[in-house]
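One structure is given below, encoded as structure tokens.
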Amino acid sequence: QAQVVESGGGLVEAGGSLRLSCTASGGTFDGLAMGWFRQAPGKEREGIACITASGETSWYADSVKGRFTISRDNAKRMLYLQMNDLKPDDTAMYYCRAAVVVGGLILPSTSFGSTWGQGTQVTVSS
């Protein structure tokens, strides 16, 4: 059964950096596009970054473009999100999941598991 476990979140001051990790088990990780999603309190979950199976192409939501970088290591079955210049608005629970890009929107896919992981909390203080 395909599963993901997110880690690397924490409390950081505005302008700081964090690197999130996602460990994948089961399923076919290296054949799927993967993405990072986040959900702030009282808001809808949004897709913020997506990377192709090969890692050659990535997409970003406008809110994080230029500050966040998604990457993956298929040999280790790992997905990463480097977050720089963090802002209080980045405070949210962050999740990884298989993803698709439709009309510029990063959407979750059920190609690698049908449920969300436990997520990792990122809190940015002003």
Side-chain angles (χ1 to χ4, degrees):
Q1 182 177 357
Q3 290 184 323
V4 294
V5 177
E6 302 91 346
S7 62
L11 174 64
V12 64
E13 291 184 351
S17 298
L18 283 173
R19 187 193 194 205
L20 305 185
S21 297
C22 170
T23 304
S25 60
T28 306
F29 176 79
D30 58 1
L32 299 172
M34 295 293 294
W36 284 97
F37 300 80
R38 69 183 182 185
Q39 187 168 22
K43 294 187 177 180
E44 297 281 327
R45 184 148 29 198
E46 62 170 335
I48 57 170
C50 181
I51 189 168
T52 55
S54 66
E56 291 183 355
T57 304
S58 55
W59 299 263
Y60 297 93
D62 288 344
S63 57
V64 305
K65 198 173 295 182
R67 300 186 298 122
F68 291 11
T69 303
I70 188 172
S71 61
R72 66 191 297 163
D73 185 333
N74 287 339
K76 295 181 179 179
R77 300 175 63 91
M78 296 290 294
L79 182 72
Y80 304 101
L81 186 68
Q82 178 66 43
M83 307 187 295
N84 298 329
D85 190 22
L86 283 160
K87 306 176 186 301
D89 284 349
D90 295 318
T91 295
M93 189 71 80
Y94 284 71
Y95 304 86
C96 68
R97 182 147 179 190
V100 294
V101 179
V102 179
L105 291 177
I106 299 167
L107 302 175
S109 163
T110 58
S111 298
F112 191 90
S114 58
T115 59
W116 295 94
Q118 88 286 353
T120 187
Q121 177 69 40
V122 172
T123 303
V124 184
S125 63
S126 57

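Values below: all heavy atoms of this structure, side chains included; hydrogens, waters and symmetry mates excluded.
- A salt bridge (charged side-chain N to carboxylate O under 4.0 Å, His left out) with Arg38 holds for exactly one of Glu44, Glu46, Glu6; it is Glu46.
- A tilted orientation is assigned to the rings of Tyr94 and Phe68, their planes being inclined by 30° to 60°.
- Within the model, atoms SG of Cys96 and CD1 of Ile70 stand 9.0 Å from one another, a figure rounded to the nearest 0.5 Å.
- With hydrogens and angles ignored, the 3.5 Å screen pairs no side-chain donor or acceptor of Arg97 with any backbone N or O of Val4.
- Checking side-chain atoms of Thr123 against main-chain N and O of Thr91 turns up no donor-acceptor pair under 3.5 Å.
- Atoms CE and OG, from Met34 and Ser111 in turn, are 10.0 Å apart once rounded to the nearest 0.5 Å.
- Criterion: ILVMFWY side-chain heavy atoms under 4.5 Å apart, direct or through other members. Under it, Leu107 and Ile48 are not part of a common hydrophobic cluster.
- The shortest heavy-atom contact between Ile106 and Ala61 is CD1-N, 4.2 Å.
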For residues 23-32, run the donor-acceptor check on the side chains, cut-off 3.5 Å, and write out each pair with its distance to 0.1 Å, sequence neighbours left out.
none

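- Counting all heavy atoms, side chain and backbone alike, Ala99 lies closest to Gly35 at CB-N, 3.7 Å.
- For the atom pair NZ of Lys87 and OG of Ser63, the computed distance is 10.5 Å after rounding to the nearest 0.5 Å.
- Cluster annotation: Met93 and Trp36 are assigned to distinct hydrophobic clusters (Ile/Leu/Val/Met/Phe/Trp/Tyr, side-chain heavy-atom contacts under 4.5 Å, transitive).
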Please tabulate, for side-chain N and O atoms in residues 79-86, each donor-acceptor pair with protein atoms closer than 3.5 Å (sequence neighbours left out).
unit_1: Gln82; atom_1: NE2; unit_2: Asn84; atom_2: OD1; d: 2.9
unit_1: Asn84; atom_1: OD1; unit_2: Ser17; atom_2: OG; d: 3.0

Practice item. Go through the steps to decide whether Thr69 and Tyr60 satisfy the test side-chain contact (heavy atoms from CB on, under 4.5 Å), and finish with yes or no. Key: CA-CA 8 Å; Thr69 303; Tyr60 297 93; 3.8 Å; yes
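- Residues that satisfy the side-chain contact (heavy atoms from CB on, under 4.5 Å) test with Val5, not counting sequence neighbours, are Gln118.
- Follow the hydrophobic side-chain contacts under 4.5 Å out from Val124 and you reach Leu18 in the same cluster.
- Hydrophobic clustering (ILVMFWY, side-chain heavy atoms < 4.5 Å, transitive): Val101 and Phe112 are in distinct clusters.
- Salt-bridge check for Asp62 with Lys65: passed, with a basic side-chain N closer than 4.0 Å to an acidic carboxylate O.
- For the pair Trp116 and Pro108, the minimum side-chain heavy-atom distance is below 4.5 Å.
- A single hydrophobic cluster is not seen to contain both Trp59 and Leu105; linkage of ILVMFWY side chains at heavy-atom distances under 4.5 Å, directly or through other members, places them apart.
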